[in-house]
Each structure stands twice: as structure tokens, then as C-alpha cells.
Number of protein chains: 2
Amino acid sequence: MKSRPSVPKKRAHSPEADLEEIWAVLKGAGLRRTEPREAILLILSTEHGPFSVEELHAKVARKKIDLVTVYRCVAAFEEAGVLRRCDFGDQIARYELAAGHHHHHHVVCRSCQKAESLDDCVLEQLDRTIEKMGYAKVGHRLEFFGVCSKCQG
Amino acid sequence: MKSRPSVPKKRAHSPEADLEEIWAVLKGAGLRRTEPREAILLILSTEHGPFSVEELHAKVARKKIDLVTVYRCVAAFEEAGVLRRCDFGDQIARYELAAGHHHHHHVVCRSCQKAESLDDCVLEQLDRTIEKMGYAKVGHRLEFFGVCSKCQG
DNA sequence: TTTCGTGCAAAACCTTTGCAAAGTG
DNA sequence: CACTTTGCAAAGGTTTTGCACGAAA
């Protein structure tokens, strides 16, 4: 969709490239560039797979960032549209980058909770059906659950 | 299975009929028939639509049933396979009767959280695809969200 | 400098657990 | 009677809020 003409060494979807785009959005939302936020975004853009707030906190642990700060950051990021919240039914909120990636769903291991992404979604048409039922701002949440091969042994 | 000899007036799917079937299952699971449990099941079989534990508690309020009891009851019912847990992404567990109804999904109002059931599910075939990816015990969770007509005014 | 973000502490919130008393089969 | 279930109190775990200090623009 977008061309990236004069930046030879960055592949499309490189963490650095994504991060700059993201920071543009965040700036537009009036959010300042701080160390905790950079650390959190770095995790989310390098390792990808939805992470709970606690997992994020653990991953930025050596930076001595408060758990509360992580909560506030992901909340701000979600509101800015940069993060997507995923619910896997265990009452724990998980977040993944929304930018760059399009709408998709996950397969979640019932044992280790690790999530894998599914590329396409065949449900957009169903959203239209729901709209015809009288609903506005329609969207959907779809997750598959199973026991992954690693956890079957 | 169940003997309710002297109650002639049961249609199939009447609340009373459903309740007797349910109690048969619960008995089989070793669960005793108590007043709190009857009250909770009555709510779930007459009004239908997934309810949170707190909503259930409010609905049986005049019976002076403890919140904790409601938690324990729905947990026991879910384990017995009589209730199905629904997650609408707001970190609150909601329950609806599983018995009699087949696998289905919901449309949830983003404003009032009221849920409507969708009859059919086209995703069973996708479960097979996930199995081919190496997952066992595959299932899925699908919910649609929107603003219902009542909440649009 | 003015506004926003952070850390710390404490609270709010939903849910679970322990235990003695009451109820069920 | 043996056993389960309840109520109450208290704890657990995740998330939110208040406030003073520190950092960004």
C-alpha cells in the first residue's frame, strides 16, 4: 500500500521503520516520547505475539519501569489506535501492535497460552449481516483454541 | 432418567422441562439440589442471555444468597457442562445455559452489553484447518460487537 | 515554564479460599 | 449419618486512582 522509496537498508516491517510510524501516530495523539513508552513499544515491535501487561512488565524489568506505568502506556496506546487488545478468555488483557498488521485472529494454545496469528479473516461479510440486524459500529472478536503440538507430548 | 410423574403440563423446552433435564445432569455429576442452585438455574432458564455473576446475584437477591455461592454454583455448573461461559472482552465472565442450545455466538451491544444469539456457526470447518496446523482439542470463540438500535438514539 | 508522565502507595474490582455451621441424600 | 453446600470473612490477583516529583516540549 505504501512505497518506501529511499530507505534501502530497512526492510518493510522492520522494527525501526514501524516504530517511527507508530511514534508519528502517538505524537498526533499528543503523547510524549518517554523511555518507558519506547521500551514497551520496542518489545511489541520486535517480539510479536500478544503480551499481557505483566509479561510486558517483565520484559522491560531491567529498566525499572513500574507496573502501573505499563498499564497506563498500553491504555494510552490502545486509545491512540496503535495497540489492539486481545481477549483469550482467561480474564487477562493482552496487547499486540495494530499498526501495519491488518485485522486478523489467533490460535491460542490451551496449555501454554502462546498465540499464533491467522492471516485472513472471512467474517467481514458477516459484519454486514449484523449491521442489517440494526447494529452500528460492528466488529467482531474471533479466537481459536487448541493444544499446540509442543504441549501435546 | 428423571421421574416427575405428576406434572402433566410440560412442553418440550419449557423452563420446567429444561430444568429437570439439567438436574439429571447435575445429579449425575454428584451435585445436590439446593435452594440457591434452583434459584440460579431458574433465572438462567427463564430469562436467557448470558448473565454475569453479579447480575445473577442481583436477580436472586431476595433469596439472600451470598455472592460467593453464586460464584461456586456457576463454577460447578460449568464443570458439569450445564453452563457455558461467555467472554465479551470486558474481563467479566458471563454464563448462559448450555443444555438444549447448540453451539452458537453472540452479538453484544457496545453500549448496554446486552447480547443476542446467532443461530448458526460457519466455523466448524475452520476448526479442522486449525487441527491440520497441529493443534488438538480445537474450538473457537466468536463474538460480534456493535451498538444496538436502542442505544443509537 | 507549562504540561504531561512516572513512581509509589493505596484503593477498587472481580474472584477465590478457609472454615465452621447448616443442609442434603 | 456422611458428605456436600452455604455464609461470612479474609485473601488473591489484576487493574485503577491520587498525588507529588520528575521529565518532555
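Throughout, protein chains are lettered first and strands after them, A, B, ... in sequence-line order, and every chain is numbered starting at 1. Both backbone and side-chain heavy atoms feed into the values below; hydrogens, waters and symmetry mates do not.
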Of the options [options], whose atoms approach the side-chain atoms of [X] most closely?
| X | options | result |
| --- | --- | --- |
| B:T69 | C:dG7, D:dT6, D:dT15 | D:dT6 |
| A:P36 | C:dT6, D:dT15, C:dG25 | C:dT6 |
| B:V68 | C:dT17, C:dT15, C:dC8 | C:dT17 |
| A:T34 | C:dG5, D:dC19, D:dA25 | C:dG5 |
| B:R32 | C:dT3, D:dT16, C:dG25 | C:dG25 |

Rounding to an integer number of Å, can you tell me how far [X] [atom1] sits from [N] [atom2]?
| X | N | atom1 | atom2 | value |
| --- | --- | --- | --- | --- |
| A:E79 | C:dG5 | CD | P | 12 Å |
| A:I65 | C:dC8 | CD1 | C1' | 15 Å |
| A:R33 | C:dC4 | CZ | C1' | 16 Å |
| A:I92 | D:dG13 | CD1 | C1' | 9 Å |
| A:D66 | C:dA10 | CG | C1' | 13 Å |
| B:K63 | D:dT5 | NZ | P | 18 Å |
| A:E38 | D:dA24 | CD | P | 10 Å |
| A:Y95 | D:dT14 | OH | P | 14 Å |

Checklist entry - Quick one: do B:I130 and A:V108 end up in the same hydrophobic cluster if we chain Ile, Leu, Val, Met, Phe, Trp and Tyr together by side-chain heavy atoms under 4.5 Å apart? => result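 Shared cluster, no.
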Next on the checklist: Between B:I22 and B:L42, is there shared hydrophobic-cluster membership here, with clusters defined by ILVMFWY side-chain heavy atoms closer than 4.5 Å?
Outcome noted: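 Yes, same cluster.
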[X] side chain to [Y] main-chain N or O, any donor-acceptor pair under 3.5 Å?
| X | Y | value |
| --- | --- | --- |
| A:Q152 | B:G134 | yes |
| A:E116 | A:V107 | no |
| A:R85 | A:E78 | no |
| A:E38 | A:R33 | no |
| B:R37 | B:C73 | no |

Next on the checklist: With hydrogens left out and only the distance checked, is there a donor-acceptor pair under 3.5 Å joining B:R72's side chain and the base of D:dG7?
Outcome noted: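 Such a pair exists between side chain and base.
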Checklist entry - Do B:E79 and B:R72 sit within salt-bridge range, that is, some charged N less than 4.0 Å from a carboxylate O? => result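 Salt bridge flag = no for B:R72 with B:E79.
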Next on the checklist: Counting the atoms with a prime plus P, OP1 and OP2 as sugar-phosphate, which does B:E35 contact under 4.0 Å by heavy atoms, base, sugar-phosphate, or nothing?
Outcome noted: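 It contacts nothing in the nucleic acid.
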Next on the checklist: Base, sugar-phosphate or nothing for B:A93? Non-hydrogen atoms, less than 4.0 Å.
Outcome noted: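 Sugar-phosphate only.
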Next on the checklist: Using heavy-atom distances to pick each residue's nearest nucleotide on DNA chain C, tell me which of B:Y71 and A:G30 is more 5'.
Outcome noted: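 With A:G30 and B:Y71 compared, the 5'-side residue is A:G30.
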Item to check | Divergence of helical axes at both termini of the helix from C:dT1-D:dA25 to C:dG25-D:dC1 - five pairs an end, 10° steps | outcome: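 Result, rounded to 10 degrees: 40°.
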Checklist entry - OP1, OP2 of C:dG5 versus side-chain N and O of A:R37: anything below 4.0 Å? => result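 Yes, such a contact exists.
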